[in-house]
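Worksheet for the structure shown next.
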Amino acid sequence: MWWLLHCILGFIRLYLDGVKVLLYQLFNRSFTLPDLPKQNGKVAIVTGGARGIGYEISRHLVSLDMHVVIAGNDEQKGLATVKKIQEELNQGKVEFMYLDLASLTSVRQFVQRYKAKGLPLHILVNNAGVMLVPERRTEDGFELHFGLNYLGHFLLTVLLLDVLKKSGKPGKFSRIIIMSSASHYGGRLTLDDLQGRMCYSAHGAYAQSKLALLLFSYHLQNQLWVRGDPVTVNAVDPGMVDTALYDNLSSLAKLAKKPFAKLLFRTPAEGASTAIYSAAASELEGIGGLYLYNGRKTESSALSYDERLQSKMWKESCALVGLQQN
Ligand SMILES: NC(=O)c1ccc[n+]([C@@H]2O[C@H](COP(=O)([O-])OP(=O)(O)OC[C@H]3O[C@@H](n4cnc5c(N)ncnc54)[C@H](O)[C@@H]3O)[C@@H](O)[C@H]2O)c1
């Protein structure tokens, strides 16, 4: 019985958070990107950069003369996106590399292939994600939202940290941008049931994955500061954006969403603006540990700032992906 209540509460919390965001978007214009400095010589990885918000981030970073690696699990789409960006921008340094975040082996192989290229890494945008997927497991047996949105990005980031640290320097920090969501406000984290085995709610699982990303983001930033490493980590909330992320809504919810999406949802380009700003704005040089929404610093949930929970999650995540803690 209590699992049913848990599912219903997860569902209600997610939709309430959605309503709050839509009301905000009704009365506030989308953040307008200022002119950003050219980024010649810089290299970025954008996960899920082949469509939606990730595509807009990739395209904009290439237009700033960054070398962008689009990392995704759909090779055909990825290569087509590379071609599209090159045609639109009349060339530009952009390439596709295969990465399936739902497979820890694929994450490790991606990092190996990336490192073999000998490229530096100045910007890592952890953008890819899925939402409201019916109960499924990753290749490694993790609940899909947790395994893909969170653990895949956790491993990717930790394995790329050495390159990010080497590529940054005082006054020119490397930057990690983590795509969170307002759904994290309603997120709950049950450390002894991270895989939702006791009771599964797709709404709860998505919110949990976004909360876990925030706990990770703050904890990692603290570690980097303590060690004096030239890398910053900021989390970004893109708002509610009309993309394929909503493809898993029920038919009824999709129907109800249609008029709202036209009127109130942000376009992918608008949704990408805060992430692009975090990646390239001079005024964010050396600044990390923020939750940014609509171009501004905002408070995330009280739970996300809980340092004990952050460190417990860090330890648990290292154990789950088979990493030695440092
Ligand atoms: N759209 C919104 O309203 C909204 C709101 C808050 C947060 N977000 C977040 O923004 C990010 C981008 O979402 P979007 O709205 O552009 O959705 P989208 O569905 O258009 O894009 C998601 C991207 O993730 C990639 N992806 C999915 N599974 C993958 C896997 N196994 N390995 C590698 N890549 C994979 C997809 O190929 C796609 O490129 C997500 O993290 C999402 O949670 C979106």
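For the numbers below, each heavy atom of this structure counts, side chains included, while hydrogens, waters and symmetry mates do not. Since we're looking at a predicted model, the values are computed, not measured. Just follow the structure's listing: the first ligand is 1, and inside any ligand the first atom is 1.
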task: For atom 43 (O) of ligand 1, grab the closest protein heavy atom and report residue, atom and distance to one decimal in Å.
output: Y206 OH, 2.7 Å
- prompt: Are D65 and K42 within salt-bridge range, i.e. N to O under 4.0 Å?
  reply: no
Lys NZ or Arg CZ of K165 over F173 ring: under 6.0 Å, within 45°: no
message: Tell me whether E139 is salt-bridged to R137, with the criterion being a basic N under 4.0 Å from an acidic carboxylate O.
response: no
message: Tell me the protein heavy atom at minimum distance from atom 41 (O) of ligand 1, and give that distance in Å.
response: N127 O, 2.7 Å
field: A182 and ligand 1 - part of the residue with a heavy-atom distance under 4.0 Å
entry: neither
- request: Give the atoms of ligand 1, by number and element, whose distance to some non-hydrogen atom of M240 is under 4.0 Å.
  value: 3 (O)
- prompt: Can you check whether K210 has an N/O within less than 3.5 Å of an N/O in ligand 1?
  reply: yes
query: About how many Å separate CG of N127 and CE of M179, when rounded to the nearest 0.5 Å?
result: 4.5 Å
- prompt: Relative to ligand 1, is T243 under 4.0 angstrom through side chain, backbone, both or neither, heavy atoms considered?
  reply: side chain
task: Test V130 against every option in L245, L144, N248 by the side chain to side chain contact (heavy atoms under 4.5 Å, CB included) rule and name the one that passes.
output: L144
message: Side chain, backbone, both or neither: which applies to Y55 and ligand 1 if a contact is any heavy-atom pair less than 4.0 Å apart?
response: neither
- prompt: For atom CZ of R108, is the number of surrounding heavy atoms from other residues, nucleotides or ligands below 6.0 Å larger than 12?
  reply: yes
statement: The closest protein heavy-atom partner of atom 31 (N) of ligand 1 is D100 OD1, 2.8 Å
- line: Taking only non-hydrogen atoms of P238 and a 4.0 Å limit, the atoms of ligand 1 in range are 5 (C), 6 (C), 7 (C), 8 (N), 44 (C)
- prompt: Do ligand 1 and L101 have nitrogen or oxygen atoms that lie under 3.5 Å from each other?
  reply: yes
query: If we only count N/O pairs under 3.5 Å, is G129 in contact with ligand 1?
result: yes
field: Polar proximity ligand 1 side, G49 side, N/O cut 3.5 Å exclusive
entry: no
Heavy-atom side-chain proximity of V46 to N126 below 4.5 angstrom: no
- prompt: Could a heavy atom of S103 be found less than 4.0 Å from some atom of ligand 1?
  reply: no
- prompt: Is R296 close to N294 at the side-chain level, that is, under 4.5 Å between some pair of heavy atoms?
  reply: no
field: Stepwise salt bridge (Lys or Arg N to Asp or Glu O under 4.0 Å) check, K312 with E307
entry: CA-CA 9 Å; K312 278 186 186 167; E307 290 187 6; over 6 Å; no
field: Backbone or side-chain N or O of V241 under 3.5 Å from ligand 1 N or O
entry: yes
message: Is G271 close enough to touch ligand 1? Criterion: a residue heavy atom under 4.0 Å from a ligand atom.
response: no
Proximity flag T47 to ligand 1, non-hydrogen atoms under 4.0 Å: no
task: Measure the distance from atom 18 (P) of ligand 1 to every protein heavy atom, then report the residue, atom name and distance (to 0.1 Å) of the closest one.
output: R51 NE, 3.5 Å
query: For I53, is at least one N or O under 3.5 Å away from an N or O on ligand 1?
result: yes
query: Between the candidates G48, A102, A244, G18, which shows the shortest non-hydrogen contact distance to atom 25 (C) of ligand 1?
result: G48
- line: re atom 28 (N) of ligand 1, the protein heavy-atom contact at minimum distance is L148 CD1, 3.7 Å
task: Report yes if S181 has an N/O atom closer than 3.5 Å to an N/O atom of ligand 1; otherwise report no.
output: no
query: Same hydrophobic cluster for L215 and W225, using side-chain heavy-atom links shorter than 4.5 Å among ILVMFWY?
result: no
message: I need the contact type for M131 against ligand 1. Using non-hydrogen atoms and a strict under-4.0 Å cut-off, is it side chain, backbone, both or neither?
response: neither
Validation row, ring centre F142 to ring centre Y150 under 6.0 Å: no
- prompt: How close does the nearest protein non-hydrogen atom get to atom 35 (C) of ligand 1, and which residue and atom is it?
  reply: N73 OD1, 3.5 Å
task: Would you mind telling me if ligand 1 is within reach of the side chain of L99, the backbone, both or neither, using heavy atoms under 4.0 Å?
output: backbone
- prompt: For the residue pair Y291 and Y218, is the inter-centroid distance of their aromatic rings smaller than 6.0 Å?
  reply: no
- prompt: How close does the nearest protein non-hydrogen atom get to atom 5 (C) of ligand 1, and which residue and atom is it?
  reply: G239 O, 2.9 Å
- request: Work out whether the distance between some heavy atom of K77 and some atom of ligand 1 is less than 4.0 Å.
  value: no
Protein heavy atom at shortest distance from atom 9 (C) of ligand 1: M179 CG, 3.7 Å
query: Are side-chain heavy atoms of S58 and Y55 found at a separation under 4.5 Å?
result: no
query: Is there a donor in the side chain of E283 and an acceptor in the side chain of Y277, or the other way round, less than 3.5 Å apart?
result: yes
field: Min side-chain heavy-atom separation V94-H67 under 4.5 Å
entry: no
field: Heavy atom of D74, distance to ligand 1 below 4.0 Å
entry: no
field: Proximal atoms of ligand 1 relative to S180 (non-hydrogen, under 4.0 Å)
entry: 6 (C), 7 (C)
field: Electrostatic pair R51-E56, nearest N-O below 4.0 angstrom
entry: no
- prompt: Is F265 near ligand 1, meaning one of its heavy atoms is under 4.0 Å from it?
  reply: no
message: Taking 4.0 angstrom as the limit and counting only heavy atoms of Y246, give me the atoms of ligand 1 inside it, by number and element.
response: 1 (N), 2 (C), 3 (O)
query: Is R59 paired with E88 through a side-chain N to carboxylate O contact shorter than 4.0 Å?
result: yes
task: State plainly whether the residues K262 and D242 are in salt-bridge range, i.e. N to O under 4.0 Å.
output: no
